[in-house]
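These notes concern the structure reproduced below.
No hydrogens, no waters, no symmetry mates; every other heavy atom, side chains included, goes into these values. Just so we're on the same page: letters track the sequence lines, and every chain starts at 1.
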2 protein chains.
Amino acid sequence: MSTTSTTERILEAAIELVSEKGYAAATTKSIAELAGVNEVTIFRHFGNKRGILKAIIEKFSYGPILQKTIQLEVTYELQDDLLLFSEEYLRYMFSIKDFVLIGFREAGSFPEIDEEIANIPRVIKEELMKYFMEMQRREKIMDIDVEPIAMSFIALNFGHFISAARLGSNVTTIDLTELLRTSVIIFSRGITP
Amino acid sequence: MSTTSTTERILEAAIELVSEKGYAAATTKSIAELAGVNEVTIFRHFGNKRGILKAIIEKFSYGPILQKTIQLEVTYELQDDLLLFSEEYLRYMFSIKDFVLIGFREAGSFPEIDEEIANIPRVIKEELMKYFMEMQRREKIMDIDVEPIAMSFIALNFGHFISAARLGSNVTTIDLTELLRTSVIIFSRGITP
DNA sequence: TATATACGCAAGCAAGTACTTACATTACTA
DNA sequence: TAGTAATGTAAGTACTTGCTTGCGTATATA
């Protein structure tokens, strides 16, 4: 037997299958098979199929990780800070990539997921706005409403994430770090007074 | 009876249900019901369930991608052009929103969709690159590789689209046109020499 | 040693699903 | 008016799916 707990193995299998095929198409039988567990064991652990997804949501919605991720060491050098943020953001998003995918897929049938997914940009927006306001105080960026600035920067990074995660090299062969560098340069110049 | 053809009514119902619940959860019975058609009629028209989705893919892949705006209405005033492009892009994306959603959901089971979805940014990228190169010739934007510039601008707009389409007002209450204006201003300044 | 806990295995059930077949009905067309 | 194409209706089939039940087995703990 493997070292990880049964519950954990079932969850991992479920995450993989649901993110790949969707909730309905990921049968309890296939999940059990991938987890190397008898199908009955799933029901003993989670009650019913919905229970698996509820457990997945709980597992990922452990928010503090996100909070920690964005609180980086700021130097108040605009370009450096934004690049660091972008890199950290993408690292985080890739670490929860499967969950984001599940979120986009099953939001209709599981409203709780929508809640969690929407929470990510909300938290990030607040943090970014604080940073931009401080930068305005130091007169290092333009003096306009910081919320659309923050939203735009998030949109930019999120766009890169989806592009890399779902389209891969189907659209461009430029690697992600290179793309990030360019877009951060553009954005920094764009909000510098 | 309604004026639209039976085939069309079935397709519309299928698009609505599949984009909302996913392919597996959208049963032929429910599609028939929504279309106001007997279930058997579906099989007479499309052979089997997969046939419906194939028809959906074909229906969308024949539509032109953006097309008109970029080539015809450019003024070579950077900010004006980019804003016009952004608005047109979002209008287009919203018009095929359901299809994009289906694409993200069922790409795993229907590789043909992935092909079509990836085609959208690819075509747009080419168009944008041409424009940026012309702008470089006119010395109106910085002289760096145009591909990452184009990719960044697409990422930015795509991010706004997803944000508006899936998160709605859960993250920000600023309306989309306002957001677009700010992000275009930032981007324009960012690539101006 | 005795008992509880966790899991596997086999069988099965009720409900749903995609899909078929056979026949009746309507509407348009030659 | 006769015939053809498109749809509805009814019934059914083969299969899958989530879930349950009953029982046997291994491991750990008291």
*Nearest to the side chain of A/Thr27, which nucleotide is it out of D/dG18, C/dG8, C/dA18?*
D/dG18
*What nucleotide among D/dT20, C/dC7, C/dA18 has an atom nearest to a side-chain atom of A/His45?*
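Out of D/dT20, C/dC7, C/dA18, the nucleotide with an atom closest to A/His45's side chain is C/dC7.
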Rounded to whole angstroms, how far apart are [atom1] on [X] and [atom2] on [N]?
{"X": "A/Lys49", "N": "D/dT16", "atom1": "NZ", "atom2": "P", "result": "15 Å"}
{"X": "B/Ile52", "N": "C/dA18", "atom1": "CD1", "atom2": "C1'", "result": "10 Å"}
{"X": "B/Ile42", "N": "D/dA6", "atom1": "CD1", "atom2": "P", "result": "17 Å"}
{"X": "A/Lys29", "N": "C/dG12", "atom1": "NZ", "atom2": "P", "result": "16 Å"}
{"X": "A/Phe46", "N": "D/dG18", "atom1": "CZ", "atom2": "C1'", "result": "16 Å"}
{"X": "A/Arg44", "N": "D/dG22", "atom1": "CZ", "atom2": "C1'", "result": "11 Å"}
{"X": "B/Glu39", "N": "C/dT21", "atom1": "CD", "atom2": "P", "result": "15 Å"}
{"X": "A/Phe43", "N": "C/dC13", "atom1": "CZ", "atom2": "P", "result": "17 Å"}

*Looking at A/Thr41, does any N or O in its side chain come under 4.0 Å of the phosphate oxygens OP1/OP2 on C/dA6?*
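Checking A/Thr41 against C/dA6: no side-chain N or O falls below 4.0 Å of OP1 or OP2.
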_Presence of A/Thr6 side-chain N/O under 4.0 Å of C/dA6 phosphate oxygens OP1/OP2_ = no
*Residue whose closest nucleotide on DNA chain D lies nearer the 5' end, A/Gly47 versus B/Gly36*: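 On the 5' side of the pair lies B/Gly36.
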*Any donor-acceptor pair under 3.5 Å joining the side chain of A/Arg50 to the base of D/dG18?*
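Side chain to base: no pair present.
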*asked:* In terms of relative ring orientation, are B/Phe153 and B/Phe132 parallel, tilted or perpendicular, with 30° and 60° separating the classes?
replied: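 Rings of B/Phe153 and B/Phe132: perpendicular, over 60°.
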*Quick one: sort the A/Phe161 and A/Phe158 rings into parallel, tilted or perpendicular, breaks at 30° and 60°.*
tilted
*When we call it a touch if two heavy atoms are under 4.0 Å apart, what does A/Val40 touch: a base, just sugar-phosphate, or nothing?*
base
Taking atom types as modelled, find out whether [X] and [Y] have a side-chain donor-acceptor pair closer than 3.5 angstrom.
{"X": "A/Tyr76", "Y": "A/Asp81", "value": "no"}
{"X": "B/Asn157", "Y": "B/Ser86", "value": "yes"}
{"X": "B/Thr177", "Y": "B/Glu87", "value": "no"}

